[in-house]
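Report on the structure given below.
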Amino acid sequence: MHEPSKSLDDLLNELNPQQREAVTAPPGPVLVWAGPGSGKTRVLTYRIAYLVLGLGVSPWNILAVTFTNKAAREMKERLGPLLGIRAENLTVGTFHAFCARFLRLEHTYHPFGQRFVIADTEDQRRLLKQAMEDVEVSDVIYPLASVHAAISRAKNEGIWPKGFPTSSPRQRTIARIYRRYQELLLASKAMDFDDLLLWAVRILEENPGVREKWAERYQHILVDEFQDTNMLQYQLARLLAQKHRNLFVVGDMDQAIYSWRGADYRNLERFQKDFPEARTIPLEENYRSTQHILDAALGVIRPLHRRPKRLFTRKGRGAKVTLKYVNNPYDEADFVIETLLALTRRGEARLGDFAIMYRTNAQSRVLEERFLAHRVPYHVVGTQRFYGRKEVKDLLAYLRLAYNPEDESSLLRVINVPPRGIGMKTLALLRNLARRMGSASGLVLLELARKPEAFRDGLSGRSRRVLMQFASLLAELVELGATLSPLALLDWVLENIAYRAYLEKESRTSEEFTQRWSNVEELRRLAGDYPAGGLEAFLEDVALVSDQDTLGDEGAPTLLTLHAAKGLEFPIVFIVGLVEGLLPHSRSTTQEQVDEERRLFYVGITRAKERLYLVVPESRWAFGEWEPLKPSRFLQDLPVEVLTGDVDRLFPQAVVRRRQRRKAAPMRPPVYRKGMRVRHPRWGLGTVVDVEDAGGDQILMITFTDGRTRPFLASMAPLEPVD
DNA sequence: GCGTGGGAGACATGT
DNA sequence: TCTCCCACGC
């Protein structure tokens with residue numbers, strides 16, 4: 001237990017004028033435009049410290065929403081020394097984690113009960129598949145992924161099954177699947193990621209008493225990565241902040257890279273409309289990168305802007321950005337590894353200083369292969385690497401069943417793992433029984449364990465015997481789950497299902513077994529962090545882990561996707577696979593999607609502090625032949641003067657001369673001014689009545705022919721000037 | 001009635 | 001490379 005070590009004045013003196021303005025802004029809505037590396041986290045942290053130490057706000061009344069659990073943990077750690085013991089009363093977490101907690105506390109307002117589980121992607125797919133079978137829709141005509149996307153999109157827009165559009169046959173079909181999917185989730189006492197938000201918002205909207213209670217609790221709300229919030233997340237923040245109006249949001253539209261997951265840039269417009277008195281503060285000094293890196297980044301997003309984004313650094317020009325052409329992904333990996341080894345040998349860097357970023361997870365394979373071949377350690381960021389393993393999922397399914405035996409997904413997953421003679425036939429028997437009793441399979445089994453004689457008619461012979469065996473295991477599991485710590489429970493499971501022997505038998509090689517068993521040990525280590533009674537917390541944390549939460553191993557190079565790199569920084573960054581088809585990805589076809597890919601590149605570049613390497617493979621082995629690749633179009637927008645390496649490959653001399661005359665890629669016109677006439681695809685003709693500059697962008701107020709005035713962000717809104 | 005093995009297809013990003 | 005599905009054998 002420590003007391004604050006710094007005074008408030010000490011803290012404020014550590015800030016630049018823009019940061020200080022944001023941190024000390026009077027209560028009320030605040031919008032901070034934070035360029036990359038501009039000290040955003042520091043501003044959020046110090047803002048909280050300022051609220052507590054400067055304005056006397058109780059930490060109990062503060063809610064800070066971060067993008068990942070890791071960010072939440074770091075924020076709390078940073079606030080510890082500033083606020084002392086009081087930091088523990090803060091609420092810091094992701095939207096999803098907050099909603100899960102909210103929904104457990106307010107369980108009387110929804111039908112899932114207090115002990116609902118969170119459906120992971122696999123559960124969702126499984127239930128969706130079941131739903132499609134139930135309503136007799138073929139997954140050939142309606143691919144699972146597209147149905148899933150449609151339902152998720154609807155949920156993120158706040159649309160329930162009964163509000164789902166029905167104007168086309170396709171929509172009517174998806175509406176039926178959606179309805180059935182929700183029924184199956186409810187029957188499993190499971191919520192998917194979107195449901196957490198959907199239900200939280202619904203409860204707050206429909207119950208003034210609940211809303212009042214929570215709004216009174218959270219008098220100050222701070223939201224990080226505001227550009228990547230979806231509509232429901234914004235609604236949640238708005239509902240909680242409506243009363244006290246102390247909503248402090250931080251974001252950077254140039255780092256908006258999650259629209260495919262429902263993130264909605266219009267939240268900015270919604271914010272401006274709902275909180276017209278909001279103060280806007282840009283953070284323009286970059287403390288992370290050298291000028292060359294920053295110029296490369298600014299060049300890449302220049303075409304997205306009407307006027308240059310302002311970002312500067314005092315770190316000096318630094319090394320030029322290295323552009324490297326290689327034959328193929330193998331040479332690419334070797335280039336990365338050889339460069340990184342050379343720098344480490346010369347003592348210019350340590351292995352932990354490097355990050356290698358790519359567009360798709362599949363690209364990590366060749367890299368890993370070469371790292372292994374060179375015997376260089378590395379670390380891959382991503383939940384699937386660990387939480388996607390069969391052994392981890394199996395064991396977690398047992399723990400989930402202990403917590404909630406109604407969890408059908410988990411039951412189906414482990415009822416025959418290890419094999420205990422329960423196949424399709426026996427399973428169908430059990431599920432029919434459950435359907436007839438209007439109960440979950442797990443509950444039927446518990447009943448069977450308690451009163452075997454009650455099932456004399458429905459079950460017999462072999463099926464009865466094997467189900468009885470599993471039922472008594474389940475009964476014991478549920479009983480122990482209530483008292484044991486997650487680790488003790490996990491060990492009980494391992495012991496009782498002889499999982500080690502099973503894994504040994506399943507593994508084809510002893511190396512494979514060693515690897516898989518080490519995953520089990522890792523899971524034990526994670527479970528060990530939770531006390532008796534901590535099963536709920538453990539399962540919830542595991543369900544909501546983000547890729548970044550799997551960061552670690554600071555002594556080795558980090559391999560990660562560009563998406564996972566958001567919010568991180570590394571002294572030396574390699575971005576590989578900079579070719580058409582990968583970046584922008586071939587599936588990104590519309591202008592908006594390509595713009596998002598461009599921002600993704602920008603995010604990657606701005607992670608680098610000292611050095612940046614951009615690597616272009618010229619071919620790859622695909623579908624049984626070598627496929628020639630074209631350099632990413634985004635490379636064309638790099639300022640030639642910040643580049644070194646294979647620059648002549650990218651810019652033949654003629655182009656260089658032309659570029660030098662022109663200096664840089666053109667920006668996307670126009671710059672908006674008051675009085676300009678514009679057209680919007682939805683609202684029609686309008687007039688710009690107000691323009692506010694915001695971090696290289698413009699916030700426009702536009703009055704349309706319907707007489708309404710609406711706010712827009714110039715770079716994001718689909719506006720067209722009209723002569 | 002259940003387990004296993006082989007073949008086919010898939011791979012965007014992720015809470 | 002991994003996963004899913006189907007067919008076949010015990």
Side-chain angles (χ1 to χ4, degrees), chain A residues 65-72 93-100 118-122 124-126 129 139 143-145 148-149 152 155-156 191-198 225 228-230 232-233 256-263 357-366 368-369 381-385 387-390 393 416-429 461-463 466 505-506 508 512 540-550 560-566 577 581-589 593 596-597 599-601 603-604 620-623:
Chain A
V65 185
T66 55
F67 201 67
T68 64
N69 301 302
K70 174 175 169 282
T94 63
F95 272 112
H96 287 92
F98 174 79
C99 288
I118 297 168
D120 65 21
T121 311
E122 196 185 303
Q124 293 169 36
R125 292 178 56 103
R126 190 184 293 225
K129 207 170 163 192
D139 62 357
L144 201 68
H148 190 219
S152 181
K155 287 186 174 185
N156 281 316
M191 291 206 197
D192 69 17
F193 299 122
D194 304 320
D195 286 336
L196 295 172
L197 305 167
L198 197 57
E225 305 285 7
D228 281 325
T229 52
N230 66 32
L232 288 173
Q233 292 168 335
I257 55 175
Y258 279 101
S259 76
W260 52 275
R261 212 172 69 187
M357 301 174 187
Y358 37 80
R359 177 63 177 83
T360 67
N361 280 308
Q363 290 170 265
S364 76
R365 209 176 71 217
V366 171
E368 288 187 73
E369 200 178 295
V381 174
T383 54
Q384 284 312 307
R385 297 212 80 78
Y387 293 98
R389 318 288 327 180
K390 183 177 180 298
K393 301 204 74 164
N416 205 30
V417 175
R420 43 175 77 91
I422 303 177
M424 293 294 277
K425 277 278 147 67
T426 307
L427 197 56
L429 216 58
R462 184 196 156 91
S463 292
V466 290
K505 187 162 153 287
E506 281 284 288
R508 311 206 116 202
E512 185 189 328
E540 189 161 301
D541 289 353
V542 161
L544 297 177
V545 278
S546 68
D547 272 2
Q548 286 194 4
D549 298 323
T550 68
L560 73 177
T561 63
L562 288 163
H563 280 93
K566 182 165 94 155
L582 282 174
L583 195 80
H585 196 272
S586 50
R587 299 241 200 141
S588 293
T589 49
Q593 287 172 328
E596 184 152 310
E597 301 274 319
R599 293 194 294 271
L600 194 54
F601 188 28
V603 167
R620 68 170 165 187
W621 188 255
F623 308 109

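Annotation: side chain of A:Lys155 is not in contact with side chain of A:Phe193 (no heavy-atom distance under 4.5 Å). At a threshold of 4.5 Å between non-hydrogen side-chain atoms, the residues A:Val603 and A:Leu562 do not count as touching.
Note on A:Thr68: nothing from the nucleic acid sits closer than 4.0 angstrom, heavy atoms only. Across all strands shown, A:Asp194 has no heavy atoms under 4.0 Å from either base or sugar-phosphate atoms. Among the heavy atoms of the strands, none lies under 4.0 Å from A:Ser586. Nucleic acid contact for A:Glu597: base, since at least one base atom lies under 4.0 Å from a heavy atom of the residue. Note on A:Tyr258: only backbone sugar-phosphate atoms sit closer than 4.0 angstrom, heavy atoms only; bases stay farther off. The residue A:Gly382 sits apart from the nucleic acid: no heavy atom pair falls under 4.0 Å. Contacts of A:Asn416 with the nucleic acid, taken as non-hydrogen atoms under 4.0 Å apart, involve only primed sugar atoms and P, OP1 or OP2.
At a cut-off of 3.5 angstrom, the base of B:dT13 holds at least one donor-acceptor pair with the side chain of A:Arg359.
In this structure, CD of A:Glu225 is placed 15 Å from C1' of B:dT13, rounded to the nearest angstrom. One interatomic measurement links the two molecules: CZ of A:Arg420 to P of B:dC2, which rounds to 14 Å at whole-angstrom precision. Rounded to an integer number of Å, the gap from CZ of A:Arg126 to C1' of C:dT3 is 13 Å. B:dT13 atom C1' lies 9 Å from atom CD of A:Glu596, rounded to whole Å.
Of the candidate nucleotides B:dG14, C:dC5, B:dC2, C:dC5 has the atom nearest to the side chain of A:Lys129. With distances taken from any side-chain atom of A:Ala362 to the nucleotides B:dC2, B:dC11, B:dT13, the minimum falls on B:dC11.
When the P atom is used for both B:dT13 and C:dC4, the distance is 16 Å, rounded to whole Å.
Taking the centre of each ring, A:His585 and A:Trp260 stay at or above the 6.0 Å mark.
Stacking of A:Phe95 onto the six-membered ring of B:dT15 is not present when judged by under 5.5 angstrom between centres and under 30° between planes.
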